[in-house]
Amino acid sequence: MGVGLVLIDLQNDYFTGGAMALSGMESAAENAARVLELFRDNSDPVFHVQHLSLREGATFFIPGSPGCEIHPQLSPLESEVIIQKNYPSSFQNTTLAAQLEEAGVDELVFCGAMSHMCIDTTVRAAFERRYKSTLIADACATCDLEFDGKCISAKDVHSAFMAAIGMVFANVVKTDEYLNS
(Lines give C-alpha, C1' and ligand atoms only; values in the text may rest on other atoms or scores of the structure.)
Protein backbone atom coordinates (compact mmCIF):
# COMPACT_ATOMS: atom_id res chain seq x y z
CA MET A 1 0.00 0.00 0.00
CA GLY A 2 1.09 3.60 -0.40
CA VAL A 3 0.58 7.29 0.19
CA GLY A 4 -1.62 9.64 -1.82
CA LEU A 5 -1.98 13.42 -1.89
CA VAL A 6 -5.50 14.87 -1.66
CA LEU A 7 -5.77 18.53 -2.71
CA ILE A 8 -9.15 19.89 -1.65
CA ASP A 9 -10.95 22.82 -3.28
CA LEU A 10 -7.89 24.73 -4.48
CA GLN A 11 -10.15 26.62 -6.88
CA ASN A 12 -10.05 30.14 -8.26
CA ASP A 13 -12.95 31.48 -6.16
CA TYR A 14 -10.84 31.06 -2.99
CA PHE A 15 -7.99 33.22 -4.32
CA THR A 16 -7.69 37.01 -4.34
CA GLY A 17 -10.30 38.39 -6.70
CA GLY A 18 -12.48 35.28 -6.39
CA ALA A 19 -16.04 35.17 -5.12
CA MET A 20 -14.96 33.81 -1.70
CA ALA A 21 -11.31 34.86 -1.26
CA LEU A 22 -9.73 33.26 1.80
CA SER A 23 -7.16 34.69 4.17
CA GLY A 24 -3.70 33.34 3.32
CA MET A 25 -4.83 31.37 0.28
CA GLU A 26 -1.87 32.36 -1.88
CA SER A 27 0.64 31.25 0.76
CA ALA A 28 -1.27 28.01 1.35
CA ALA A 29 -1.28 27.33 -2.39
CA GLU A 30 2.48 27.89 -2.62
CA ASN A 31 3.00 25.30 0.11
CA ALA A 32 0.52 22.90 -1.48
CA ALA A 33 2.42 23.28 -4.77
CA ARG A 34 5.66 22.31 -3.00
CA VAL A 35 4.02 19.16 -1.62
CA LEU A 36 2.49 18.43 -5.03
CA GLU A 37 5.93 18.69 -6.63
CA LEU A 38 7.28 16.07 -4.19
CA PHE A 39 4.44 13.68 -4.99
CA ARG A 40 4.94 14.16 -8.71
CA ASP A 41 8.71 13.67 -8.39
CA ASN A 42 8.08 10.40 -6.51
CA SER A 43 5.33 9.30 -8.93
CA ASP A 44 2.93 8.99 -5.98
CA PRO A 45 -0.81 9.32 -6.71
CA VAL A 46 -2.45 12.75 -6.58
CA PHE A 47 -6.18 13.38 -6.19
CA HIS A 48 -7.61 16.83 -6.93
CA VAL A 49 -10.98 17.48 -5.31
CA GLN A 50 -13.15 20.09 -7.00
CA HIS A 51 -16.27 21.41 -5.30
CA LEU A 52 -19.30 22.14 -7.46
CA SER A 53 -21.95 24.20 -5.65
CA LEU A 54 -25.38 22.87 -6.56
CA ARG A 55 -27.38 24.32 -3.69
CA GLU A 56 -29.80 27.11 -4.47
CA GLY A 57 -28.38 30.54 -3.74
CA ALA A 58 -24.72 29.42 -3.91
CA THR A 59 -22.38 32.36 -4.56
CA PHE A 60 -19.15 30.56 -5.39
CA PHE A 61 -17.93 27.36 -7.10
CA ILE A 62 -20.77 27.70 -9.58
CA PRO A 63 -20.38 24.90 -12.18
CA GLY A 64 -19.04 26.24 -15.46
CA SER A 65 -17.74 29.48 -13.96
CA PRO A 66 -14.04 30.43 -14.01
CA GLY A 67 -14.12 30.54 -10.19
CA CYS A 68 -14.98 26.85 -10.09
CA GLU A 69 -11.82 25.84 -11.96
CA ILE A 70 -8.79 24.46 -10.13
CA HIS A 71 -6.23 27.25 -9.73
CA PRO A 72 -3.53 27.20 -12.46
CA GLN A 73 -0.75 26.99 -9.85
CA LEU A 74 -2.06 23.51 -8.97
CA SER A 75 -3.45 22.37 -12.31
CA PRO A 76 -3.91 18.62 -12.53
CA LEU A 77 -1.80 16.64 -14.94
CA GLU A 78 -3.65 14.32 -17.31
CA SER A 79 -2.52 11.35 -15.20
CA GLU A 80 -3.98 12.82 -11.99
CA VAL A 81 -7.49 12.09 -10.78
CA ILE A 82 -10.08 14.85 -10.40
CA ILE A 83 -12.88 14.07 -7.95
CA GLN A 84 -15.94 16.30 -8.11
CA LYS A 85 -17.94 16.79 -4.93
CA ASN A 86 -21.05 18.65 -3.80
CA TYR A 87 -20.69 18.33 -0.01
CA PRO A 88 -18.03 19.27 2.57
CA SER A 89 -16.73 15.69 2.75
CA SER A 90 -14.63 14.64 -0.21
CA PHE A 91 -15.91 11.10 0.42
CA GLN A 92 -19.66 11.82 0.40
CA ASN A 93 -21.26 10.69 -2.87
CA THR A 94 -17.91 10.72 -4.72
CA THR A 95 -15.52 8.18 -6.17
CA LEU A 96 -12.67 9.14 -3.83
CA ALA A 97 -12.71 5.95 -1.72
CA ALA A 98 -12.82 3.75 -4.83
CA GLN A 99 -10.04 5.76 -6.49
CA LEU A 100 -7.84 5.46 -3.40
CA GLU A 101 -8.41 1.71 -3.24
CA GLU A 102 -7.68 1.31 -6.94
CA ALA A 103 -4.41 3.22 -6.49
CA GLY A 104 -3.43 1.12 -3.46
CA VAL A 105 -3.45 4.11 -1.11
CA ASP A 106 -3.80 3.58 2.64
CA GLU A 107 -2.11 6.77 3.85
CA LEU A 108 -3.27 10.28 2.95
CA VAL A 109 -1.72 13.73 2.91
CA PHE A 110 -4.15 16.67 2.79
CA CYS A 111 -3.83 20.27 1.63
CA GLY A 112 -6.52 22.76 0.70
CA ALA A 113 -9.49 24.74 1.88
CA MET A 114 -11.40 25.66 3.93
CA SER A 115 -9.73 24.54 7.15
CA HIS A 116 -12.94 24.72 9.18
CA MET A 117 -15.20 23.12 6.58
CA CYS A 118 -14.09 20.73 3.84
CA ILE A 119 -10.63 20.03 5.30
CA ASP A 120 -12.04 19.25 8.76
CA THR A 121 -14.91 17.16 7.41
CA THR A 122 -12.77 15.17 4.99
CA VAL A 123 -9.93 14.47 7.42
CA ARG A 124 -12.42 13.21 10.00
CA ALA A 125 -14.11 11.05 7.34
CA ALA A 126 -10.70 9.61 6.41
CA PHE A 127 -10.09 8.75 10.06
CA GLU A 128 -13.45 6.96 10.21
CA ARG A 129 -12.36 4.96 7.15
CA ARG A 130 -9.11 4.04 8.96
CA TYR A 131 -6.71 5.97 6.77
CA LYS A 132 -3.51 7.18 8.36
CA SER A 133 -3.54 10.91 7.60
CA THR A 134 -1.20 13.87 7.59
CA LEU A 135 -2.54 17.39 7.31
CA ILE A 136 -0.21 20.12 6.08
CA ALA A 137 -1.34 23.05 8.23
CA ASP A 138 0.34 25.85 6.30
CA ALA A 139 -0.99 24.45 3.01
CA CYS A 140 -4.56 25.12 4.14
CA ALA A 141 -6.55 28.35 4.39
CA THR A 142 -9.83 29.63 5.79
CA CYS A 143 -11.77 32.84 6.46
CA ASP A 144 -13.03 34.95 9.33
CA LEU A 145 -16.16 33.58 11.00
CA GLU A 146 -18.78 35.15 13.20
CA PHE A 147 -20.38 33.56 16.25
CA ASP A 148 -22.44 35.03 19.04
CA GLY A 149 -21.88 38.54 17.71
CA LYS A 150 -18.10 38.15 17.70
CA CYS A 151 -15.71 38.00 14.78
CA ILE A 152 -13.24 35.13 14.96
CA SER A 153 -10.19 35.86 12.81
CA ALA A 154 -9.20 33.40 10.09
CA LYS A 155 -5.91 32.87 11.92
CA ASP A 156 -7.76 31.85 15.10
CA VAL A 157 -10.26 29.69 13.20
CA HIS A 158 -7.41 27.93 11.42
CA SER A 159 -5.40 27.39 14.61
CA ALA A 160 -8.40 26.01 16.49
CA PHE A 161 -9.21 23.52 13.75
CA MET A 162 -5.60 22.41 13.30
CA ALA A 163 -5.35 21.84 17.06
CA ALA A 164 -8.58 19.84 17.16
CA ILE A 165 -7.73 17.72 14.13
CA GLY A 166 -4.24 17.07 15.48
CA MET A 167 -5.56 15.65 18.74
CA VAL A 168 -6.90 12.44 17.15
CA PHE A 169 -7.65 12.59 13.45
CA ALA A 170 -4.32 13.33 11.72
CA ASN A 171 -0.69 14.19 12.17
CA VAL A 172 -0.69 17.97 11.65
CA VAL A 173 2.61 19.39 10.40
CA LYS A 174 3.96 22.33 8.40
CA THR A 175 5.23 22.02 4.85
CA ASP A 176 8.95 22.19 5.68
CA GLU A 177 8.59 19.53 8.36
CA TYR A 178 6.78 17.22 5.95
CA LEU A 179 9.19 17.77 3.07
CA ASN A 180 12.21 17.19 5.33
CA SER A 181 10.90 14.03 6.98
Side-chain angles (χ1 to χ4, degrees), residues 5-37 39 46-55 57-76 82-92 94 96 108-126 133-166 169-170 172-179:
L5 176 62
V6 181
L7 299 168
I8 300 174
D9 301 351
L10 292 169
Q11 296 164 247
N12 292 330
D13 272 341
Y14 278 161
F15 287 78
T16 300
M20 181 65 175
L22 302 181
S23 177
M25 190 67 227
E26 284 73 14
S27 175
E30 288 173 17
N31 287 324
R34 293 172 58 209
V35 175
L36 175 59
E37 182 179 3
F39 273 75
V46 175
F47 305 86
H48 298 264
V49 179
Q50 179 186 32
H51 193 102
L52 305 176
S53 292
L54 300 181
R55 66 179 172 76
T59 58
F60 61 98
F61 294 163
I62 308 302
S65 72
C68 190
E69 298 304 315
I70 294 172
H71 193 271
Q73 185 176 11
L74 298 141
S75 289
I82 300 172
I83 307 287
Q84 293 183 332
K85 70 176 178 69
N86 309 116
Y87 300 97
S89 174
S90 298
F91 289 97
Q92 186 177 350
T94 72
L96 180 58
L108 302 173
V109 175
F110 292 101
C111 302
M114 290 188 288
S115 307
H116 72 278
M117 186 62 66
C118 297
I119 294 297
D120 179 61
T121 305
T122 300
V123 172
R124 289 172 188 257
S133 296
T134 299
L135 177 57
I136 311 297
D138 59 353
C140 296
T142 196
C143 59
D144 294 346
L145 295 178
E146 186 178 320
F147 180 73
D148 200 22
K150 297 176 187 170
C151 179
I152 301 123
S153 72
K155 181 179 177 181
D156 288 342
V157 170
H158 181 75
S159 294
F161 274 84
M162 294 302 108
I165 290 168
F169 302 105
V172 179
V173 299
K174 292 193 175 179
T175 303
D176 286 342
E177 182 181 350
Y178 183 77
L179 294 177

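Reckoned from all heavy atoms, side chains included, excluding hydrogens, waters and symmetry mates.
Put simply, the side chain of Asp144 does not reach to within 4.5 Å of the side chain of Ile152, judged on heavy atoms. Taking the side chain as every heavy atom from C-beta outward, Leu135 and Ile119 approach each other to under 4.5 Å. Between Gln11 and Phe60, every side-chain heavy-atom pair lies at or beyond the 4.5 Å cut-off. Using a 4.5 Å cut-off on side-chain heavy atoms (C-beta onward), Ser75 and Ile70 make no contact.
Scanning for side chain to side chain contact (heavy atoms under 4.5 Å, CB included) contacts around Ile62 gives Ala58, Ser65, with sequence neighbours left out. Residues satisfying the side chain to side chain contact (heavy atoms under 4.5 Å, CB included) criterion with Gln92, sequence neighbours excluded, are Tyr87, Ser89. With sequence neighbours left out, the side chain to side chain donor-acceptor pair (under 3.5 Å) criterion links Asp156 to Ser153. Under the side chain to side chain contact (heavy atoms under 4.5 Å, CB included) criterion, Phe161 pairs with His116, Asp120, Val157, not counting sequence neighbours. Shown here are the salt bridge (charged side-chain N to carboxylate O under 4.0 Å, His left out) partners of Asp13, two or more places apart in sequence or in another chain: there are none. For the side chain to side chain donor-acceptor pair (under 3.5 Å) test, residues two or more places apart in sequence or in another chain that qualify with Glu26 are Thr16.
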Practice problem: Could you walk me through whether Phe169 and Ser133 pass the side chain to side chain contact (heavy atoms under 4.5 Å, CB included) test, one step at a time? | Solution: CA-CA 7 Å; Phe169 302 105; Ser133 296; over 6 Å; no

Note to self: Run His51 and Gln84 through side chain to side chain contact (heavy atoms under 4.5 Å, CB included) and show every step you take.
What the structure shows: CA-CA 6 Å; His51 193 102; Gln84 293 183 332; over 6 Å; no

Check the pair Cys118 / Lys85 against side chain to side chain contact (heavy atoms under 4.5 Å, CB included), numbers first and verdict last.
CA-CA 10 Å; Cys118 297; Lys85 70 176 178 69; 3.2 Å; yes

Starting from the C-alpha separation in whole Å, work towards a yes-or-no answer on side chain to side chain contact (heavy atoms under 4.5 Å, CB included) for Val109 and Ile136. CA-CA 7 Å; Val109 175; Ile136 311 297; 3.8 Å; yes

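Ring-plane geometry between Phe15 and His71 is classed as parallel, the angle between the planes falling under 30 degrees on a 0 to 90 degree scale with a further cut at 60.
Annotation for Val46 and Phe39: closest pair CG2-CB, 3.9 Å, computed over non-hydrogen atoms. Contact record, Leu179 with Arg34: CD1-NH2, 3.4 Å, taken as the closest heavy-atom pair. Among all heavy-atom pairs drawn from Leu54 and Pro63, the shortest one is CD2-CG, 3.9 Å. Smallest separation of non-hydrogen atoms from Ala32 and Leu10: CB-CD1, 4.1 Å.
In terms of modelled atom types and a separation under 3.5 Å, the side chain of Asp138 and the main chain of Thr175 share a donor-acceptor contact. Using a distance-only test at 3.5 Å, with no hydrogens or angles considered, a donor-acceptor pair links the side chain of Gln50 to the main chain of Cys68. Proximity of a side-chain donor or acceptor of Ser53 to a complementary backbone N or O of Arg55 within less than 3.5 Å is not detected.
In this structure, Asn31 CG and Cys111 SG are separated by 8.0 Å, a value rounded to the nearest 0.5 Å. Taken to the nearest 0.5 Å, the CG atom of Asp9 stands 9.5 Å off from the CG atom of Leu52. Rounding to the nearest 0.5 angstrom, the gap separating the CD1 atom in Ile165 from the SG atom in Cys140 is 7.5 Å. To the nearest 0.5 Å, the span separating CG on Asn12 from CD on Gln73 amounts to 11.0 Å. Taken to the nearest 0.5 Å, the CZ atom of Phe110 stands 6.5 Å off from the OG1 atom of Thr122. Here the CD1 atom belonging to Ile8 is positioned 12.5 Å from the NE2 atom belonging to His48, to the nearest 0.5 angstrom.
For the 3.5 Å distance criterion, the side chains of Ser115 and Thr142 fail to qualify, holding no donor opposite an acceptor.
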